[in-house]
Amino acid sequence: QAQLVESGGGLVQAGGSLTLSCAASGIIFRVYSMVWYRQAPGKERELVAIVNSGGFTTYAGSVKGRFTISRDNAKSTVYLQMSNLKAEDTGIYLCNAHKLGADYWGQGTQVTVSS
């Protein structure tokens, strides 16, 4: 059974850094695109960053230059390095594994940035 488990969230001051991890099990990790989303209170879920099976990355404009997504296929883990954090980065960060015909989600990890 597929399972995604996020970790690394927490409380950080504006300007600080955090690294999120998402460990996958029960799937052939290397064939999936891995995506980080976030959801702030009262707002729609927002795509933050994607790394596809070939390692190609895409970022939301609001995080470009501050966040870095990466994957370790040997560990079935995707990471999101976040720096120069802003109050508007606050939200629940969710990990998604996607391929044609399949989508799996983690439970999310809370990131709170104090200004």
Side-chain angles (χ1 to χ4, degrees):
Q1 184 173 351
Q3 187 175 21
L4 302 178
V5 179
E6 301 97 334
S7 61
L11 174 64
V12 63
Q13 288 188 332
S17 300
L18 279 176
T19 297
L20 307 182
S21 301
C22 171
S25 60
I27 61 172
I28 302 173
F29 181 81
R30 59 181 170 80
V31 305
Y32 282 78
S33 291
M34 298 302 298
V35 191
W36 284 101
Y37 289 83
R38 66 186 179 193
Q39 186 150 22
K43 295 187 177 181
E44 292 188 356
R45 188 171 292 180
E46 174 189 20
L47 188 150
V48 175
I50 305 170
V51 56
N52 71 8
S53 58
F56 184 78
T57 58
T58 306
Y59 297 91
S62 59
V63 307
K64 195 174 292 185
R66 300 188 298 121
F67 289 13
T68 301
I69 189 170
S70 61
R71 65 190 297 159
D72 185 336
N73 289 341
K75 295 182 179 180
S76 296
T77 300
V78 61
Y79 304 95
L80 186 68
Q81 295 174 276
M82 307 184 293
S83 61
N84 191 20
L85 284 159
K86 305 176 181 180
E88 52 263 42
D89 294 318
T90 293
I92 297 174
Y93 283 69
L94 301 114
C95 177
N96 168 254
H98 173 77
K99 72 178 183 75
L100 187 63
D103 258 300
Y104 301 104
W105 292 87
Q107 293 298 308
T109 186
Q110 176 71 44
V111 172
T112 303
V113 183
S114 62
S115 56

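A quick note: this is a predicted structure, and the numbers were derived from the prediction, not measured. Heavy-atom basis, side chains included; hydrogens, waters and symmetry copies ignored.
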Given side chains that start at C-beta, do those of Tyr37 and Ile92 come closer than 4.5 Å, heavy atoms only?
no
Between Met34 and Ile69, the two heavy atoms sitting closest are O-CD1, 3.8 Å
Do the side chain of Arg30 and the main chain of Ala74 share a donor and acceptor less than 3.5 angstrom apart?
no
Thr57 OG1 to Ile50 CD1 distance, which is reported to the nearest 0.5 Å
9.5 Å
Rounded to the nearest 0.5 Å, the CG atom of Leu47 sits from the OG atom of Ser62 at a distance of 10.0 Å
Look at the side-chain heavy atoms of Ile, Leu, Val, Met, Phe, Trp and Tyr, link any pair under 4.5 Å apart, and say whether Tyr79 and Val5 land in one connected group.
no
Sub-4.5 Å side-chain heavy-atom contact between Lys86 and Val113
no
Contact summary for Leu18 and Leu85, nearest pair of heavy atoms:
N-CD1, 3.9 Å
Minimum heavy-atom separation for Leu4 and Cys22, please, with both atom names.
CB-SG, 3.9 Å
Are the side chains of Lys75 and Ser21 in contact, using a 4.5 Å heavy-atom criterion?
no
Can you tell me if Gln107 has over 12 outside heavy atoms packed within less than 6.0 Å of its CD?
no
To check you understand the geometry: which heavy-atom pair defines the closest contact between Leu80 and Ala49, and what is its length?
CD1-CB, 4.2 Å
Heavy-atom neighbours of Lys99 NZ exceed 12 at 6.0 Å
yes
What is the minimum heavy-atom distance between Glu46 and Ala60, and which atoms define it?
OE2-CB, 4.5 Å
Backbone of Ser76 reached by a side-chain donor or acceptor of Asn73 within 3.5 Å
no
To the nearest 0.5 Å, how far apart are CG in Leu94 and CH2 in Trp105?
6.5 Å
Less than 4.5 Å apart, side chain to side chain, heavy atoms only: is that true for Met82 and Val63?
no
Distance-minimising heavy-atom pair for Ser115 and Ala87:
CB-CB, 4.2 Å
Nearest 0.5 angstrom please: Arg66 CZ to Tyr59 OH, how far?
12.0 Å
Does atom CG (Leu11) have a neighbourhood of more than 12 heavy atoms from anything else shown, all under 6.0 Å?
yes
Same apolar cluster (I L V M F W Y, side chains within < 4.5 Å links), Val35/Tyr104:
no
Student check: side-chain heavy atoms of Trp36 and Phe67 closer than 4.5 Å
no
Indicate yes or no: at least one non-hydrogen side-chain atom of Leu20 is less than 4.5 angstrom from one of Glu6.
no
Would you indicate whether the side-chain heavy atoms of Arg38 and Val111 approach each other to under 4.5 Å?
no
